[in-house]
Amino acid sequence: TACLVAAGARTALSSEQTRALARSSHTEAITDELTTIGNRRLLDERLPTLTADAAAGQPLLVSILSIRRLSEINDTLGYEHGDGLLAALGQRLREHADGRGVPARLGGAEIALLQPFDGHLARAEEAVRDLVASIATPVRIGGVEVEMELSVGVAASPLHANDGRDLLRCAGDALRR
């Protein structure tokens with residue numbers, strides 16, 4: 001029986017390790033390595049719940065922020081400077097969201113921020129402009145101060161769309177206007 005107890009304890013430990021590994025693997029799968037915020041997989045997980053909440057009365061604001069001239073920065077200063085800007089933007093958005101919103105990198109220079117809001121679009125757009133002004137400050141990378149210039153597009157559910165993918169498309173369209 002002592003062998004069975006030891007084997008049982010070892011199996012329980014292995015099961016806990018397996019669960020911890022699965023949690024760790026899932027976290028890595030939904031996290032953008034460069035910015036350490038969410039990625040598109042996280043958006044795929046969270047959008048259905050957030051849009052359902054919007055349909056149930058908690059409006060959702062989708063903002064897509066893009067670093068202007070990122071390719072030019074990469075070409076002239078090097079990729080470490082462009083990567084540094086992306087990492088800084090991710091950190092600043094994570095701090096801003098503070099658990100109330102979901103920042104996630106879409107790819108390239110674009111990061112989405114999903115957050116509930118009070119349903120007043122003009123107030124939300126003003127808050128997004130204030131956010132951009134507060135986070136679009138220079139970043140010191142490798143001894144060089146690099147300007148962070150941002151563009152932003154905004155869409156709201158249920159005003160612009162009810163489906164998560166449609167909301168992202170609307171915010172992307174607004175970004176490119």
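Position 1 is the first residue of the sequence; numbering continues from there. All heavy atoms count here, side chains included; hydrogens, waters and symmetry mates do not.
Under a hydrophobic clustering in which Ile, Leu, Val, Met, Phe, Trp and Tyr are joined whenever their side-chain heavy atoms come within less than 4.5 Å, directly or via other members, Tyr79 and Val139 fall into different clusters.
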List the steps and the verdict of side-chain contact (heavy atoms from CB on, under 4.5 Å) for Leu131 and Leu113.
CA-CA 11 Å; Leu131 167 66; Leu113 178 61; 3.8 Å; yes
From CA spacing to verdict: side-chain contact (heavy atoms from CB on, under 4.5 Å), Val128, Leu61:
CA-CA 10 Å; Val128 169; Leu61 189 70; 3.8 Å; yes
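The local environment of CZ in Arg94 is crowded, with over 12 non-hydrogen atoms from other residues, nucleotides or ligands closer than 6.0 Å. Atom CD of Glu33 is surrounded by 12 or fewer heavy atoms from other residues, nucleotides or ligands within 6.0 Å. Under a cut-off of 6.0 angstrom, the local environment of CZ in Arg68 is crowded, with over 12 non-hydrogen atoms contributed by other residues, nucleotides or ligands.
In this structure a side-chain-to-backbone donor-acceptor pair under 3.5 Å is present from Arg92 to Ile135. Looking at Asn39, its side chain does come within 3.5 Å of a backbone N or O of Ala29 through a donor-acceptor pair. The backbone N or O of Ile73 lies less than 3.5 Å from no partner atom in the side chain of His81, so there is not a single donor-acceptor pair. The backbone N or O of Phe117 sits less than 3.5 Å from a side-chain atom of Gln58, completing a donor-acceptor pair.
The two residues Leu86 and Ala109 come nearest to each other via the heavy atoms CD2-CA, 4.1 Å. Heavy atoms only, all atoms of each residue included: Ala171 and Ala155 are closest at N-CB, 3.6 Å. Shown here for Pro48 and Thr51, the closest heavy-atom pair between the two residues is O-OG1, 3.1 Å. Residues Met148 and Thr137 share a closest heavy-atom pair of CB-O, 3.7 Å. The two atoms that bring Glu147 and Pro138 nearest to each other are OE2-CG, 3.5 Å, heavy atoms only. In plain terms, the two heavy atoms of Asn74 and Asp83 that are nearest each other are OD1-N, 4.4 Å.
Summarising the geometry, atom CG belonging to Leu85 is positioned 13.0 Å from atom OG1 belonging to Thr35; distances are rounded to the nearest 0.5 Å. Separating the CD1 atom in Ile111 from the CG atom in Leu93 is a distance of 5.5 Å, to the nearest 0.5 Å. In this structure, the separation between OG on Ser66 and CZ on Arg176 is 8.0 Å, given to the nearest 0.5 Å. The structure places CZ of Arg41 at 10.0 Å from OG1 of Thr31, a figure rounded to the nearest 0.5 Å.
Considering only residues two or more places apart in sequence or on other chains, Asp75 meets the salt bridge (Lys or Arg N to Asp or Glu O under 4.0 Å) condition with none of them. Here Arg100 pairs with Asp98 under the salt bridge (Lys or Arg N to Asp or Glu O under 4.0 Å) rule; sequence neighbours left out. Every residue meeting the side chain to side chain contact (heavy atoms under 4.5 Å, CB included) condition with Leu159, not counting sequence neighbours, appears here in chain and number order: Leu121, Ala156. Applying the salt bridge (Lys or Arg N to Asp or Glu O under 4.0 Å) rule to Glu72 yields the partners Arg69; only residues at least two apart in sequence or on another chain are considered. With sequence neighbours excluded, the residues that form a salt bridge (Lys or Arg N to Asp or Glu O under 4.0 Å) with Asp118 are Arg123.
Side-chain contact between Leu89 and Leu150: present, with at least one pair of heavy atoms (C-beta onward) separated by less than 4.5 Å.
Arg169 has a carboxylate O that lies under 4.0 Å from a charged side-chain N of Asp173, or vice versa, which qualifies the two as a salt bridge.
Residue Leu47 is found in a hydrophobic cluster whose other members, listed by chain and number, are Ile30, Leu42, Leu43, Leu50, Leu60, Val62, Ile64, Val102, Leu106, Leu114, Leu167, Leu168, Leu175; membership requires side-chain heavy atoms under 4.5 Å apart, directly or through intermediates.
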